2 protein chains.
Amino acid sequence: MAVRNSKTGDLREACVKEALAIIARGGIDSLSLRDVARRLGVSHQAPYKHFPSREHIVAEVVGRAFASFAAHLEKRPRSDDPYIDLGNLGRSYLDYARKHPLHYQLMFGTPLPDPAQHPEMMVKAEHAFATLKETIAGLPGRQSNADVDLDALFTWSVVHGLASILQTPATEQLGLRKATISEATAHTLGRIADALGGTNRKR
Amino acid sequence: MAVRNSKTGDLREACVKEALAIIARGGIDSLSLRDVARRLGVSHQAPYKHFPSREHIVAEVVGRAFASFAAHLEKRPRSDDPYIDLGNLGRSYLDYARKHPLHYQLMFGTPLPDPAQHPEMMVKAEHAFATLKETIAGLPGRQSNADVDLDALFTWSVVHGLASILQTPATEQLGLRKATISEATAHTLGRIADALGGTNRKR
DNA sequence: CTCCAAGGTTGACACTGTCTACTAAGGAAG
DNA sequence: CTTCCTTAGTAGACAGTGTCAACCTTGGAG
């Protein structure tokens with residue numbers, strides 16, 4: 001036993017994968033390093049040679065989720081029309097949340113390991129937010145950086161909020177029709193366009 | 001020891017309070033029933049006479065947070081102008097998240113006990129959402145229930161997303177100016193008004 | 001050849017949730 | 001008054017956890 005790992009020498013990698021699998025099955029709370037070790041046919045202390053604590057392996061898993069997320073946003077279809085591009089970005093965001101609920105929940109639906117203590121975890125999150133700001137900056141009518149930041153925050157709030165809500169089982173409990181839920185994405189993106197859109201802006 | 005509780009006979013109540021205090025200090029993960037018992041000067045098994053499991057005491061705490069939250073929304077200043085009323089509701093929502101971050105995190109920033117298994121926990125959440133739908137229904141231009149639901153979902157997404165984002169330490173890590181953050185609430189509520197507002201609606 | 005660090009093992013400790021069995025108090029039924 | 005059952009509490013045990021410390025093994029640098 002422990003053959004696979006000793007040979008390849010990537011016990012660290014195997015730990016991360018196994019951890020993700022465990023989280024996928026039973027949620028973040030069900031993750032235990034001893035379980036990881038057991039499944040890999042390795043002593044219960046072995047993972048600690050690669051991760052100083054349980055928090056650190058969680059941070060690693062979450063960090064990878066952020067990386068995968070940012071990459072997904074980068075791969076979205078591009079458009080020269082900034083409004084269409086913004087729509088693509090939003091769709092891409094919600095797409096990811098729908099297709100990878102596990103990752104999404106890890107990033108946003110779970111108490112994170114203290115970001116100050118795991119800064120490498122946040123790098124990719126910055127990346128994703130920067131992408132959003134670039135796109136917003138391409139829209140007409142926003143001169144100052146402050147304007148861009150505010151609307152980026154607004155836009156992020158909307159998609160993040162929607163994604164979170166759609167992931168909880170709460171929606172079914174709130175008496176919403178299925179049709180409503182399936183239309184929600186398109187409707188919400190439309191509303192963002194309404195809010196930021198070419199339509200008259202006062203103030 | 002155990003005097004206070006035996007006398008008053010409200011050990012259950014004391015447990016809930018103590019649990020909340022523990023969560024406030026160290027987060028939800030740091031809550032242990034044994035610790036609760038210890039602080040109340042009572043045997044480690046005593047709390048189990050009032051809560052079948054750890055999940056149940058969490059559900060109770062979260063349920064109370066929802067109740068307090070719904071009550072706070074009900075106490076908002078009312079207005080006959082439906083747009084102002086909507087603004088008040090949004091402000092009230094964000095107010096609560098800012099003033100009671102602990103409660104807010106419990107309701108929305110933490111993996112909840114399975115709602116299906118703790119239905120009483122969700123009752124007040126329904127209440128809060130119903131309040132929002134009423135307010136939206138008061139706006140002109142939305143005929144069908146489906147329209148109302150969609151815009152309610154949109155509005156909820158925005159404020160929920162913003163509240164979540166403002167609560168994480170992430171904002172500081174993303175290079176946002178403090179001024180931006182303090183303006184975010186007003187700006188976001190303005191954008192909601194833009195999106196739902198008297199300005200032209202197509203479709 | 002020696003030595004040493006990296007990666008892995010074993011054993012221990014304190015802590016957790018939860019099961020089971022026991023006890024004290026108090027009220028209802030006879 | 002006695003009996004009995006429910007309620008609220010205690011005590012002890014068990015498996016499982018994160019983590020500390022000490023011990024092996026092995027392969028390469030000096």
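Since we're looking at a predicted model, the values are computed, not measured. Numbered from 1 within each chain, the chains take letters A, B, ... in sequence-line order.
- In this structure, A:L33 atom CG and D:dT19 atom C1' are separated by 10 Å, rounded to whole Å.
- Between the CZ atom of A:F51 and the P atom of D:dT19 there is a distance of 13 Å, rounded to whole Å.
- Among the nucleotides D:dT17, C:dT18, D:dT10, the one closest to the side chain of B:A46 is D:dT10.
- Separating the NE2 atom of A:H56 from the C1' atom of D:dT19 is a distance of 14 Å, rounded to the nearest angstrom.
- One atom, CG of B:L40, and another, C1' of D:dG9, lie 13 Å apart when rounded to the nearest Å.
- In summary, A:D149 and A:K133 engage in a salt bridge, as defined by a charged side-chain N under 4.0 Å from a carboxylate O.
- Among the nucleotides C:dG7, D:dG9, C:dA12, the one closest to any side-chain atom of A:H50 is C:dG7.
- With B:N88 contributing its side chain and B:R76 its backbone, the two residues share no donor-acceptor pair below 3.5 Å.
- Residues B:L132 and B:Y93 fail the side-chain proximity criterion, which asks for heavy atoms closer than 4.5 Å.
- In this entry the distance linking CD of B:E55 with P of C:dT16 reads 18 Å, nearest Å.
- A straight line from CG of B:L11 to P of D:dT10 spans 8 Å, rounded to a whole angstrom.
- Regarding contacts with the backbone of C:dT16, a side-chain N or O of B:R38 is found under 4.0 angstrom from either OP1 or OP2.
- Taking every side-chain heavy atom of B:S32 into account, C:dG17 is the closest of D:dG18, D:dA22, C:dG17.
- Residue contacts for B:R34: at a heavy-atom cut-off of 4.0 Å it reaches a base atom on one of the strands shown.
- Around atom CD of B:E120, more than 12 heavy atoms belonging to other residues, nucleotides or ligands sit under 6.0 Å away.
- With hydrogens and angles ignored, a donor-acceptor pair closer than 3.5 Å exists between the side chain of A:H44 and the base of C:dG11.
- Toward the 5' end of DNA chain D, the nearer of the two residues B:S43 and A:D35, judged by each one's closest nucleotide, is B:S43.
- Both B:R54 and A:K49 lie close to DNA chain C; mapped to their nearest nucleotides by heavy-atom distance, the more 5′-ward contact belongs to A:K49.
- Contact check on B:E13 versus B:K17 returns no salt bridge, with no Lys/Arg side-chain nitrogen under 4.0 Å from an Asp/Glu carboxylate oxygen.
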